[in-house]
Amino acid sequence: MTNPAEAADLPGRPRAAAPGGPATERATCVLAPNPSVMTLDGTNTWLLSEPGSGLAVVVDPGPLDEGHLRAVVATAEAAGKRIALALLTHGHHDHSDGAARLSELTGAPVRAVDPALRAGGGEGLAAGDVITTGGLDLRVIPTPGHTADSVSLHLPADRAVLTGDSVLGRGTTVVAHPDGRLGDYLDSLRRLRTLTVEEDVRTILPAHGPVLDDAKGALEYYLAHRAKRLAQVETAVEAGHRTPEAVVAHVYADVDRAVWPAAELSVRAQLDYLGEHGLI
């Protein structure tokens, strides 16, 4: 576990405590039991509710794990709340597989960008949508790039944004080629950074890893990291590393080999981006 002094020096100022429990006045994390190299501590299922309201919204129900889904319901009930709606930040299995079952358990509709992932009569999610449930306001921010269907959710009352996998609480995310596209992802990071300036967003509630208390710092780090990696990939290609596998072995030599398959997806996205811009 990161100690508080170390956390204060890391990009985004991640909280030292592991995910789980209350994070802001309106947001509580129920951590799914699916830790891995890619999911970090597991999927952060977010339970959101306006203080004093009897209704709650679930963001990213997580995997199809009956114990986890019942823990989400129990957490809401212990707070005197009924789950009235579920939202998906994107369709990856560790976020969405439990959505239909949660809808069965609670009667709550599931809203998602991808029609195939909606359940219980849930609608889509689009730019400009304001979702109001029990006095809680959430604003839909399209943030494609990690995947084509990725969205973030702005929680103005807590000066927070739920970023799904677009920004993680620890490390950086994957641009999941071919569905994910680097140009879209860079635009999404800039869009989120604008929220920190124009809407005073201070806190990032990610789908994996700890809460980040310096949203602007985290986003500036992500943008700088992407620029650095892109330059490294371009240099690797110029040096003769022509395949994605060769580029990964060269650029990511200091990274745990367990994440190389995911890194290869990002490299493929970077190679596409460089080709589209005539840089290789």
Side-chain angles (χ1 to χ4, degrees), residues 34 36-40 43-44 59-60 62-63 87-97 99 112-117 124-127 140-153 161-195 204-209 218-234 236-237 243-248 251-252 255-256 258-277 279-280:
N34 61 334
S36 73
V37 171
M38 296 303 299
T39 61
L40 305 181
T43 301
N44 296 338
V59 177
D60 289 341
L87 307 173
L88 295 176
T89 61
H90 65 294
H92 280 166
H93 296 302
D94 55 312
H95 297 252
S96 66
D97 277 4
V113 171
D114 185 349
L117 298 174
L125 296 171
V140 177
I141 312 294
T143 47
H146 170 68
T147 61
D149 68 337
S150 288
V151 297
S152 295
L153 299 163
V161 62
L162 293 91
T163 54
D165 282 359
S166 294
V167 179
L168 306 180
R170 187 167 63 250
T172 55
T173 198
V174 173
V175 179
H177 179 277
D179 182 48
R181 295 180 59 82
L182 181 60
D184 291 342
Y185 184 62
L186 294 173
D187 288 343
S188 293
L189 291 178
R190 295 184 190 107
R191 190 173 300 122
L192 290 170
R193 186 187 180 283
T194 297
L195 281 183
I204 288 176
L205 305 175
H208 302 284
L219 288 158
E220 289 178 344
Y221 170 77
Y222 261 59
L223 284 163
H225 172 81
R226 282 295 164 193
K228 179 181 177 181
R229 282 294 193 212
L230 197 59
Q232 290 173 329
V233 170
E234 184 177 2
V237 172
T243 67
E245 296 83 357
V247 172
V248 169
V251 174
Y252 291 80
V255 175
D256 185 345
V259 304
W260 278 21
E264 185 179 320
L265 296 179
S266 284
V267 165
R268 289 180 182 274
Q270 290 172 88
L271 291 172
D272 280 358
Y273 179 88
L274 290 169
E276 291 164 3
H277 289 78
L279 298 173
I280 58 173

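Here, residue 1 is the first one in the sequence, and each next residue gets the next number.
In this structure, Trp260 contributes its side chain and Tyr252 its backbone to a donor-acceptor pair below 3.5 Å. Looking at Gln270, its side chain does come within 3.5 Å of a backbone N or O of Ser266 through a donor-acceptor pair. Distance alone, capped at 3.5 Å, is enough to place a donor-acceptor pair between the Asp114 side chain and the Ala116 backbone. For the pair His146 (side chain) and Val174 (backbone), a donor-acceptor distance under 3.5 Å is present. Proximity of a side-chain donor or acceptor of Thr173 to a complementary backbone N or O of Leu168 within less than 3.5 Å is not detected.
Between Val161 and Leu192 the shortest side-chain heavy-atom distance falls below 4.5 Å. For the pair Val167 and Pro206, the minimum side-chain heavy-atom distance is 4.5 Å or more. The side-chain heavy atoms of Leu88 and Val59, taken from C-beta on, include no pair separated by under 4.5 Å. A heavy-atom distance below 4.5 Å is not found between the side chains of Thr89 and Ser152. A heavy-atom distance below 4.5 Å is not found between the side chains of Tyr185 and Thr143. Considering only heavy atoms from C-beta on, Leu182 stays 4.5 Å or farther from Asp272 through its side chain. Between Val140 and Leu153, some side-chain heavy-atom pair lies under the 4.5 Å cut-off.
Residues satisfying the side-chain hydrogen bond (donor to acceptor under 3.5 Å, both in side chains) criterion with Arg226, sequence neighbours excluded, are absent altogether. Listed by chain and residue number, Glu276 satisfy the salt bridge (Lys or Arg N to Asp or Glu O under 4.0 Å) test with Arg181 (two or more places apart in sequence, or in another chain). Under the ring-ring contact (aromatic ring centres under 6.0 Å, His included) criterion, Tyr273 pairs with His277, not counting sequence neighbours. Residues satisfying the side-chain contact (heavy atoms from CB on, under 4.5 Å) test with Thr147, not counting sequence neighbours, are His90, His92, Asp149, Ser150, Asp179. Residues satisfying the side-chain hydrogen bond (donor to acceptor under 3.5 Å, both in side chains) test with Ser36, not counting sequence neighbours, are Thr39. Among residues two or more places apart in sequence or in another chain, the side-chain contact (heavy atoms from CB on, under 4.5 Å) test is passed with Val37 by Ala258, Val259.
His208 and Asn44 are not linked by any side-chain donor-acceptor pair at a separation below 3.5 angstrom, with hydrogens and angles left out of the test.
Between Arg229 and Glu234 there is no salt bridge, since no side-chain N of the basic residue sits under 4.0 Å from a carboxylate O of the acidic one.
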Discussion item. Test salt bridge (Lys or Arg N to Asp or Glu O under 4.0 Å) on Arg268 and Glu245; report intermediate values, then the result.
Written reply: CA-CA 9 Å; Arg268 289 180 182 274; Glu245 296 83 357; 3.6 Å; yes
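Taking the centre and axis of the six-membered ring of Tyr222, the NZ or CZ atom of Arg193 falls outside the cone set by 45° and 6.0 Å.
Atom-to-atom distance recorded for Leu40:CG and Asp165:CG is 9.0 Å, nearest 0.5 angstrom.
In His225, the NE2 atom is crowded: over 12 heavy atoms of neighbouring residues, nucleotides or ligands sit closer than 6.0 Å.
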